[in-house]
Every structure is written in C-alpha cells, then in structure tokens.
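Quick notes on the structure that follows.
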Amino acid sequence: MNKIKLLHMYPNMLDLYGDSGNVEIIKYRCKKRDIELEVSSHIIGDDTNDFSQYDIVYLGGGADLEQQILADDLLKCKGAVRKAYENGTFFLMICGGYQLLGQYYKDSNGEKIPGLALFDYYTVASTDKGKRCIGNIVIETELDGEKYKVIGFENHGGQTQNVTSPFGKVLAGNGNCFSSDTEGYMEKNVVATYLHGPLLSKNPKLCDHIINYVMTRKTGEKYSCKPINDKLEEECRQQLFERLLK
Ligand code: GLN
C-alpha cells in the first residue's frame, strides 16, 4: 500500500472553521485510492528539523493572537521549511497559515508578525477592527490546465499584497484584499488561500490535484486519482453556485 506523509503544523492553534477537516478529507480520499495518509504534527516546542521527509505540510487559519503566540516557534523552522519547499514538498495553507509564510503580517493593532518569507507577498490588516472580508466566496482557478471553481468562506482582516501568482480569479466575495480580483497564492507545490470551508470538502477536485502531485513526485510516474462517487458533493456545489454566482 502506498503511503503519504503529512505534517500538520499547530493543529491545536490553527483550526478556524473546521480547517482540520482538510486533513480528514485528504485521508478519506487517499484511502479510497488505497493510499495510507500518515499524519504527524508540529506544535510549539517540538524539535521538528526534517520537514523534507513529509509529502505535504499543512497549516490552517488562526486569529491574530494565535499567530502572534506561535510566530517565534515558526521562525525557528525557517531553514528546514524552505528546504522542504525547494525539495518539492506540497504546502497547503489556509488564511492565517497563508499569511505567516509570506514576508510579514501586520495585525489590526499595528503589530508586525514576521513571516517565513518563503514568498514575496505580505499582509496588512485594516486597523479598523470592524472592517473585515467576511462571507462566502467563489474563485476560478486552473488545475492541470482545467478551469475549476473553488468555493469557501472567508473571514480576514488581513489584506494580502504583492501576490505574484494568485490561486484564482474572484467570481464572488473579496479575495486577497477588499473587492480584489485575485485570491490566494499558487505554485506547482503550493496552494495558499483565504478559503475555509473546510476547503477540500467543498472542492474535492482540489484534493485530488494535491494527491496527484504528491503521488507523481513519489513514484516518478504520472499519477491520476481514479474517480470516486462525488455525486453529493457535486449537487452541493451546484446549489452553492446558484446561490452565490448571480
Ligand atoms: N488573523 C488573520 C486575519 O484576520 C487570519 C484570520 C483567519 O485565519 N481566518 O486576517
């Protein structure tokens, strides 16, 4: 049986709106393809020094306070995280996690939390705490050359700028900033997004895209997940599109 290794960073702190559900979805969809997902975690104080052994590194979203608390610990992982990213480990990051791998996050109190500076983008929160990007959101991305609509829920004060390769085009909702055209950040081994949901339950093709990437990298042969019954998920998606894309 094939095995994929996932490192869940700060599962006890970065878990807004059921973000940990993304790990469950990856596990479920892997199992349907006879792949075992082995999940490890990194929490504050852990001495994780080899991030490259993982196929996927996952960070969920969190409030400003949690982001502040874990920032020092995260910075200690900087070199090892960069090595894994350069090695081709897949990085999936939601909201607070997305912000923390950029240059910095300046929170709503004006405090600057340094990021891992893996990417060029940076995030500044509105100092008016009542002004946040909140609500359902639909974006259009491209997965392996095919257009795919991604649905989620956003709630962030942070406005992310200097995004060189966005995850998608906003069809409804805000995105990287208030009324933005673009959402998130994407590379071949990176999806960073403001979309909670959890993201992968509403967007099963995105989960399979990640599994395909990981398995292709592992085996050296092009891997394509065999289709599974997503009838319920697709019906749910159609209802949401009807409601949100008017
Ligand atoms: N605290 C960050 C912000 O408000 C991230 C929030 C989140 O992860 N939903 O922008």
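Side chains included, hydrogens not; waters and symmetry mates left out as well; all remaining heavy atoms used. Note that ligands are numbered from 1 as they come in the structure, with each ligand's atoms numbered from 1 the same way.
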Of the backbone atoms (N, CA, C, O) and the side-chain heavy atoms from C-beta on, which set of [X] has a member under 4.0 Å from an atom of ligand 1: side chain, backbone, both, or neither?
{"X": "Ala125", "value": "neither"}
{"X": "Tyr194", "value": "neither"}
{"X": "Asp64", "value": "both"}

For a salt bridge (charged side-chain N to carboxylate O under 4.0 Å, His left out) check, start with the C-alpha distance between Arg237 and Glu234, then their side-chain angles and the critical distance, and finish with the verdict. CA-CA 5 Å; Arg237 284 168 58 79; Glu234 282 312 321; 3.5 Å; yes
Ring-face cation contact, Phe178 with Lys131, 6.0 Å cut, 45° max: yes
Atoms in ligand 1 flagged as close to [X], the criterion being non-hydrogen separation under 4.0 Å:
{"X": "Gly61", "value": "8 (O)"}
{"X": "Ala63", "value": "1 (N)"}
{"X": "Gln67", "value": "1 (N), 2 (C), 5 (C)"}
{"X": "Gly158", "value": "3 (C), 10 (O)"}
{"X": "Asn155", "value": "6 (C), 7 (C), 9 (N)"}

Students should be able to answer this: which protein heavy-atom is nearest to [atom], and at what distance?
{"atom": "atom 3 (C) of ligand 1", "value": "Tyr105 OH, 3.3 Å"}
{"atom": "atom 6 (C) of ligand 1", "value": "Gly62 O, 3.2 Å"}
{"atom": "atom 4 (O) of ligand 1", "value": "Arg132 NH2, 2.8 Å"}
{"atom": "atom 7 (C) of ligand 1", "value": "Cys95 SG, 2.7 Å"}

Would you say the ring centers of Tyr122 and Tyr104 fall short of 6.0 Å from each other? yes
Suppose we call two aromatic rings close when their centres sit under 6.0 Å apart. Are Phe119 and Phe91 close by that rule? no
Of all heavy-atom pairs linking Ala192 and Tyr98, the shortest is CB-CD1, 3.3 Å
Closest approach of Cys30 and Ile4, non-hydrogen atoms and distance? SG-CD1, 3.9 Å
Do any heavy atoms of His196 fall under 4.0 Å from ligand 1? yes
Below 3.5 angstrom, do we get any N/O pair linking Ile94 and ligand 1? no
Using a plain distance cutoff, I'd like to know if Leu16 has any nitrogen or oxygen under 3.5 Å from a nitrogen or oxygen of ligand 1. no
So do the side chains of Tyr121 and Gln161 get within less than 4.5 Å of each other, counting heavy atoms only? no
Under the salt bridge (charged side-chain N to carboxylate O under 4.0 Å, His left out) rule, what do Arg29 and Asp230 come out as? Steps first, then yes or no, please. CA-CA 11 Å; Arg29 298 186 75 83; Asp230 286 328; 2.8 Å; yes
For Tyr194, the option from Thr160, Asn155, Asn174 that meets side-chain hydrogen bond (donor to acceptor under 3.5 Å, both in side chains): Thr160
Test Tyr58 against every option in Ile94, Ile210, Leu7 by the side-chain contact (heavy atoms from CB on, under 4.5 Å) rule and name the one that passes. Ile94
